[in-house]
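Worksheet: one structure, shown below.
Computed over heavy atoms, backbone and side chain alike; hydrogens, waters and symmetry mates excluded. Residue numbers run from 1 in the order of the sequence given.
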Amino acid sequence: MFLIRHGKTKGNLEHRYIGRTDESLCEKGKEELLRRSAPEVQRVYASPMRRCIQTAEILYPAREFLKVEEFRECDFGRFEGKNYQELSKDPGYQAWIDSGGSLAFPGGESPADFRRRCVHGFERVLDGCRKDGVQTVALIVHGGTIMSIMEVYARPRGTYYDYQVGNGEGYELVITDDSAGTGWLCAG
């Protein structure tokens, strides 16, 4: 299984919190993706957000892909569309920073709920692949989605922030059923 972060957007270049904003890839992002080769897979899944769909279309042209709602990026609430400089004097932002990123985004989603949602979507994908006999898969998703999945499934274990990944980059997971056949073991 390949976890691939979408290509660059204008918001990424400006270091903005872009979650629910359905932003397109920027030209630089498209150009960078066109220079990459995508791994061969049997099935492609993607977040329904435009930047992920465009990435899937560039990396896997003329391929069908399945959208997974749970893979949407986090809702950053009132931080949406802003960058660190614009938020630096916001007491709500400082409280969020001081919490180590554990507080809910004001007017948005809690990081814990976001992570649970992403992992639930990943588990649905795994179950579907198991049922259909699909052995090679690409997920075209967001950085936070990848970090959420890796925190739970990667071995050796790491923290959420250990799995940050650049645009157009990602991780390869080797997934096997555990000895009892009741779960999955993954190595990143």
Side-chain angles (χ1 to χ4, degrees), residues 1-41 43-77 79-88 93 96-97 101 105 108-109 111 114-115 117-119 121-122 125 136-154 158-174 186 188:
M1 181 168 289
F2 299 91
L3 309 180
I4 303 169
R5 184 179 177 197
H6 63 77
K8 285 185 181 129
T9 67
K10 183 175 184 279
N12 293 141
L13 294 175
E14 297 171 354
H15 306 286
R16 296 186 180 282
Y17 289 91
I18 303 295
R20 68 178 178 264
T21 302
D22 203 10
E23 191 171 56
S24 294
L25 297 176
C26 65
E27 287 307 311
K28 181 176 182 176
K30 291 176 187 176
E31 292 167 8
E32 289 174 352
L33 289 172
L34 287 168
R35 289 194 298 267
R36 294 186 184 270
S37 59
E40 288 294 321
V41 295
R43 190 175 285 170
V44 178
Y45 293 89
S47 160
M49 305 295 288
R50 183 178 301 138
R51 54 198 178 266
C52 292
I53 292 169
Q54 290 174 330
T55 299
E57 291 171 344
I58 291 169
L59 294 178
Y60 295 97
R63 287 284 306 267
E64 294 289 323
F65 56 90
L66 303 169
K67 296 177 188 174
V68 179
E69 285 295 322
E70 293 97 332
F71 289 162
R72 286 182 176 276
E73 181 59 282
C74 187
D75 181 348
F76 295 117
F79 301 162
E80 181 74 21
K82 296 178 180 160
N83 62 28
Y84 171 78
Q85 284 184 317
E86 294 165 346
L87 292 166
S88 63
Y93 184 69
W96 181 78
I97 293 291
F105 295 99
E109 191 170 16
F114 167 69
R115 292 174 188 174
R117 171 169 57 82
C118 293
V119 168
F122 182 71
V125 166
T136 56
V137 176
L139 306 183
I140 312 299
V141 295
H142 307 275
T145 306
I146 292 172
M147 292 160 60
S148 298
I149 294 166
M150 293 294 288
E151 180 182 38
V152 172
Y153 281 96
T159 68
Y160 178 80
Y161 293 105
D162 289 335
Y163 298 108
Q164 293 183 49
V165 62
N167 293 99
E169 298 175 353
Y171 291 97
E172 178 180 356
L173 293 177
V174 176
C186 304

Side chain of [X], backbone of [Y]: donor and acceptor closer than 3.5 Å?
X	Y	value
E86	N83	yes
R51	L25	no
T145	C118	no
D75	E109	no
R117	R72	yes
Y163	G158	yes

Could you grab the distance from atom [atom1] of [X] to atom [atom2] of [Y], nearest 0.5 Å is fine?
X	Y	atom1	atom2	answer
M147	Y161	CE	OH	6.0 Å
R43	M1	CZ	CE	10.0 Å
F105	F114	CZ	CZ	9.0 Å
L3	F122	CG	CZ	6.0 Å
Q164	I146	CD	CD1	11.5 Å
C52	E57	SG	CD	11.5 Å

Residue pair [X] / [Y], side-chain heavy-atom distance below 4.5 Å:
X	Y	answer
W96	L87	no
I149	F71	yes
Y45	V141	no

Next on the checklist: For K67, I'd like to know if atom NZ has over 12 heavy atoms of other residues, nucleotides or ligands within 6.0 Å.
Outcome noted: no

Item to check | Evaluation steps, side chain to side chain contact (heavy atoms under 4.5 Å, CB included), between S88 and Y93 | outcome: CA-CA 7 Å; S88 63; Y93 184 69; 5.8 Å; no

Item to check | Trace of the side-chain hydrogen bond (donor to acceptor under 3.5 Å, both in side chains) decision for T136 with E40 | outcome: CA-CA 8 Å; T136 56; E40 288 294 321; over 6 Å; no

Checklist entry - Under the side chain to side chain contact (heavy atoms under 4.5 Å, CB included) criterion, do Q54 and L33 qualify, and how do the steps go? => result CA-CA 10 Å; Q54 290 174 330; L33 289 172; over 6 Å; no

Item to check | Member of L13, N167, T9 meeting the side chain to side chain contact (heavy atoms under 4.5 Å, CB included) criterion with C26 | outcome: L13

Next on the checklist: What verdict does the side chain to side chain contact (heavy atoms under 4.5 Å, CB included) test give for N12 and I18, after you've listed the backbone C-alpha separation in whole Å, the side-chain angles of each residue and the deciding distance to 0.1 Å?
Outcome noted: CA-CA 8 Å; N12 293 141; I18 303 295; 5.6 Å; no

Checklist entry - What's the verdict on side chain to side chain contact (heavy atoms under 4.5 Å, CB included) for V137 and V41, showing C-alpha distance, side-chain angles and the deciding distance? => result CA-CA 5 Å; V137 176; V41 295; 5.5 Å; no

Item to check | For K8, the option from E27, E23, E32 that meets salt bridge (Lys or Arg N to Asp or Glu O under 4.0 Å) | outcome: E32

Checklist entry - Using the ring of each side chain (for Trp, its six-membered ring), is H6 parallel, tilted or perpendicular to H142, with breaks at 30° and 60°? => result perpendicular

Checklist entry - If we ignore angles and hydrogens, is there a donor and acceptor under 3.5 Å between the side chains of E73 and S47? => result no

Item to check | Presence of salt bridge, E31 and K28, under 4.0 angstrom | outcome: no

[X] versus [Y], closest heavy-atom pair with distance:
X	Y	result
R50	S24	CD-OG, 2.7 Å
A38	L59	CB-O, 3.5 Å
I53	P48	CD1-O, 3.2 Å

Checklist entry - Do Y60 and F65 have ring centres separated by under 6.0 Å? => result no

